[in-house]
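First comes the structure, then the notes that go with it.
Side chains are part of it too, since the values below use all heavy atoms of this structure and drop only hydrogens, waters and symmetry mates.
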Amino acid sequence: MATLKSLSEIFNNTLFRIPDYQRGYAWTPNQLKDFWDDLYNLNKHKNHYTGVLTVKGVPTSVSNTEKWNDEQWVLKERGYKAFYVVDGQQRLTTSIVFIQSMVELIQGLSKHKEEKESEIYLGSFSLKEIRESYLVVKKPPHGIIRTYKFGYECDNPSFTYLRYKIFNDDGGGTVDETFYTLNLENAKRFFIEKLKGVMELEGEDGLSELFIKLTINFKYNLYEIEEDFDVFVAFETMNNRGKKLSNLELLKNRLIYLTTLYDAHELKEDDRTSLRRDIDEAWKEVYYQLGRNKSNPLNDDEFLVAHWIMYFQYSRQKGDDYINFLLNNYFTPKNIFEKIEIPVNNLEEFREYTDAEEDLEEDNTDLSELTLSKSKLRPKEIEDYIHSLKAAAIHWYNTHNPINNADLQPDEQVWIDRLNRIGIAYFRPLVTASFLNTSITTEERVKLFKAIERFIFIAFRLSRAFSSYRNSEFYKAARFLNRGEWSVDYVSSLLNTRIDYAFYVNEESPRRWFNYEYFHVYVEKHFKNGGGFYWWNGLRYFLYEYEMHLVKKRGSQRIDWNLFVKGEKDKVSIEHILPQTPDADCWKVAMKGVPKKHHQYLKGTLGNLVPLSQSINSSLQNDCFEEKKQPRFDENGNKTRSGYDDGSHSEIEISRNTQWTPAEIMKRGIDLLTFMEKRWKLEFESEEDKVMLLGLTFLNEEQ
């Protein structure tokens, strides 16, 4: 039966717990802002319908277990009722974090420094009353046992974080952080800042009014699920409201649900408990890895898709094919209720499974005639899947965060970093699978990474293949590599074979030459539109690789990739040495004799582009070559730009020229293409081909 109730009524002699099948706290700043706006702007004389809160009573068998130790005294001695939250967790959690933030803010005021919670009031409520009503009750007389009115079951990954980081309980020790705990942290920070603003403008009266609105005026449609109603199905259905569950969250709920469906003889109770615990631990690890880098948390659905590719057979279907397979085809109740006959391996297995009372003598029993009726989806299949998912999450994180990663060997760090910089495309599952297969050595793995990087550069950055080129084949390779059915040598050979189209052999020489025609058409189009190589989507990666090549020869690194690719308004990190607007007399002299129609080729060609160690204002690009070589200062002595002679290694190399004319531009372009040949194992048939690609054939024609 549904009833509208306020938070003060809902929390009266009641405990709420988020069960292990639930996701963690998922609200982001957008939902927090909406919640705050609803609360702050609410007329204090009106009520606000907050939504449905669906709960289910905690069975006595659960509340008597060891994980409910801290709750036993209020359940038995004070008549509290305990409920699992099926729907409405996000709003309830937000309300509790709000109240905790308010208590902390008021308690931290200097005027209350020496006062006890029972002596500090918010309106007519003491902080002690507020804390005991909504947050935590301490068991008298010692207060050693703290019972939280709201929280997660201890199996949930967010249990310790909420207790020690949000409620500030003592003795937290090391607390694992996940994508969800980051949301809890952000919510608390959000409310503390908002409440400080109210405090400055309206004082404690403003805070008191907000507290009344939250606990009295916000109304919930409280609905208690009947005992015989399947809570897992209810959760899956109801949580499509509000902030929709991610597929990874739905999958966890489904797997736990499936563990409840097996017959006792197929999944004994201790095994059932163990399997459910393994699911909780797997998801705890997954969410820890996904949220491990706070500045760049990883998308859980992208991870789930990648694991599906590595674990199951990839199909070319689009959209939600993967989750339809997982939830509607593979991990389904039907596959548990549907039985298949399996031959008996031994008599003991038969006795254990059937719990047969007959006295079967092994000598007189023909095992070939015995079969067992078992679920189509075996518990072992669930176990294998979650263990694989758990292991994959660690490597998934490592592929996104390779630098200074102790889990990776130095060469692995270097090459995964390269793959991330060039744009790893659809190869991340394959890279991850190379770690899941523990028989693969570091040397083999690096060989694979090199082959992937070369494939990406030649197929996508040079030969302009579609982004989906051969993706299904290498998704399949991820699965076969993971299962040990394909070797690194085979996959590497396959990668090299699939870019054969980018090479040709002529009749005069058996050597394989690079077919630059695809790239030439692409660059020529950009030349005609005014950009040339400057608009090439592989330019930054290429110039950075050339810079790192010079670093190996000459010493310290002078360009940081993150700053190099980070755009700043009115600033550039790749400079046209011959400016895009060469109006100064010095440039007119340098370009003397070159028809104006060819200027755009000289400006946009590869040899005229240089990576800067420090981004500069675009207006400084018009300086003469001699000025660019030297540092420039304003009238106050502040450096406005570094000179080439103390810039990146590429700049230093250019600064050794006494002038910058078409001849120097062509020479540097040819040098860069020669580096390309060595770095990515490709060869141009002639220097004329390089000049053609650079767009500078007119220079040879004019000589």
Side-chain angles (χ1 to χ4, degrees), residues 418-419 421-427 447-474 477 490-529 531-546 549 600-601 604-609 665-701:
R418 279 195 172 104
L419 290 174
R421 284 192 281 105
I422 196 174
I424 198 169
Y426 51 74
F427 287 103
K447 177 182 179 180
L448 175 65
F449 299 162
K450 289 179 178 180
I452 293 173
E453 190 264 358
R454 181 171 181 263
F455 177 95
I456 293 172
F457 187 77
I458 293 176
F460 299 137
R461 300 297 172 261
L462 296 182
S463 298
R464 315 314 302 169
F466 289 119
S467 60
S468 59
Y469 174 67
R470 293 288 176 180
N471 65 340
S472 61
E473 183 172 31
F474 291 110
Y490 180 76
V491 177
S492 299
S493 175
L494 195 62
L495 284 160
N496 292 327
T497 300
R498 294 311 181 219
I499 50 177
D500 277 347
Y501 76 93
F503 298 87
Y504 68 92
V505 178
N506 65 28
E507 297 178 357
E508 299 176 359
S509 171
R511 293 169 66 179
R512 282 162 38 94
W513 308 109
F514 174 55
N515 182 5
Y516 66 91
E517 186 59 31
Y518 303 100
F519 192 35
H520 180 233
V521 171
Y522 168 83
V523 175
E524 180 64 24
K525 181 179 177 181
H526 285 325
F527 272 129
K528 290 179 178 179
N529 291 324
F533 278 87
Y534 190 71
W535 290 353
W536 173 33
N537 66 345
L539 179 66
R540 276 179 162 76
Y541 182 76
F542 174 76
L543 291 180
Y544 189 81
E545 284 299 296
Y546 181 68
H549 161 70
Q600 64 185 12
Y601 287 89
T605 194
L606 187 60
N608 191 52
L609 303 171
I665 293 174
M666 178 188 282
K667 180 182 182 303
R668 182 165 184 270
I670 291 173
D671 289 344
L672 288 173
L673 291 182
T674 300
F675 163 73
M676 181 187 289
E677 289 179 302
K678 295 178 180 177
R679 171 64 174 78
W680 285 280
K681 298 183 177 65
L682 55 89
E683 286 187 84
F684 292 89
E685 188 170 1
S686 66
E687 185 167 300
E688 287 73 20
D689 287 335
K690 295 179 183 178
V691 175
M692 174 74 77
L693 179 58
L694 294 171
L696 301 179
T697 53
F698 65 88
L699 291 179
N700 288 339
E701 293 169 358

State yes or no: are the ring centers of Tyr501 and Tyr469 separated by less than 6.0 Å? yes
Using modelled atom types only, decide if a donor and an acceptor are shared between the side chain of Asn529 and the backbone of Lys525 within a distance under 3.5 Å. yes
Of Phe449, Phe455, Phe460, the residue whose pairing with Phe427 passes ring pair (Phe, Tyr, Trp, His ring centres under 6.0 Å): Phe455
Minimal non-hydrogen separation, Ile665 against Thr605, with atom names: CG2-CG2, 3.3 Å
Report yes if the side chains of Glu685 and Tyr504 come closer than 4.5 Å at any heavy-atom pair, otherwise no. yes
Nearest 0.5 Å, please: how far is CD1 in Ile452 from NZ in Lys447? 12.5 Å
Using modelled atom types and a 3.5 Å cut-off, is there a donor and acceptor pairing between side-chain atoms of Ser463 and backbone atoms of Ile458? yes
Would you call Ser686 and Asp689 a side-chain contact if the rule is heavy atoms closer than 4.5 Å? yes
Side chain to side chain contact (heavy atoms under 4.5 Å, CB included), that's the test. Do Val691 and Glu688 meet it? Break it down for me. CA-CA 5 Å; Val691 175; Glu688 287 73 20; 5.6 Å; no
Test side chain to side chain contact (heavy atoms under 4.5 Å, CB included) applied to Thr674 and Lys690, step by step: CA-CA 9 Å; Thr674 300; Lys690 295 179 183 178; 3.0 Å; yes
Check the orientation of Phe533 and Trp536. Use parallel for under 30°, tilted for 30 to 60°, and perpendicular for over 60°. perpendicular
Would you mind reporting whether Phe675 and Trp680 have side-chain heavy atoms less than 4.5 Å apart? yes
Looking at Lys528 and Gln600, what are the two nearest heavy atoms and their distance? CA-NE2, 4.2 Å
Does Arg421 use its side chain to pair, donor to acceptor, with the backbone of Arg540 at less than 3.5 Å? no
Look up atom OH in Tyr522 and atom CG in Leu693, then write down how far apart they are to the nearest 0.5 Å. 12.0 Å
Partner of Phe684 under ring pair (Phe, Tyr, Trp, His ring centres under 6.0 Å), chosen from Phe519, Phe503, Trp513, Phe514: Phe514
Is there a side-chain contact between Tyr518 and Leu462 (heavy atoms, below 4.5 Å)? no
Close side-chain approach of Phe474 to Leu495, heavy-atom, < 4.5 Å: yes
Show your working on side chain to side chain contact (heavy atoms under 4.5 Å, CB included) between Asp500 and Arg512 and close with a plain yes or no. CA-CA 9 Å; Asp500 277 347; Arg512 282 162 38 94; 3.3 Å; yes
Please check this pair: side chain of Arg454 against backbone of Lys681, looking for a donor-acceptor N/O pair closer than 3.5 Å. yes
Can you tell me how far apart CZ (Arg679) and CD (Glu453) are? Round to the nearest 0.5 Å. 4.0 Å
Only one of Arg418, Lys678, Arg461 forms a salt bridge (Lys or Arg N to Asp or Glu O under 4.0 Å) with Glu545, so which one is it? Arg418
Verify side chain to side chain contact (heavy atoms under 4.5 Å, CB included) between Arg464 and Asn537, making sure each step is shown before the conclusion. CA-CA 10 Å; Arg464 315 314 302 169; Asn537 66 345; 3.1 Å; yes
Nearest-0.5 Å distance that lies between atom OH in Tyr426 and atom OG in Ser468: 8.0 Å
Give a yes or no answer on whether the side chain of Thr697 reaches the backbone of Met692 with a donor-acceptor pair at less than 3.5 Å. no
Give a yes or no on this: more than 12 heavy atoms of other residues, nucleotides or ligands lie within 6.0 Å of atom CD of Glu677. yes
Can you tell me how far the CD1 atom of Ile499 sits from the CG atom of Leu494, to the nearest 0.5 Å? 11.0 Å
Any heavy-atom pair between the side chains of Leu606 and Leu539 that's under 4.5 Å? yes
Say you draw a straight line from CG of Leu609 to OH of Tyr534; how long is it, rounded to the nearest 0.5 Å? 8.0 Å
So does Leu696 get a backbone contact from the side chain of Asn700, meaning a donor-acceptor N/O pair under 3.5 Å? no
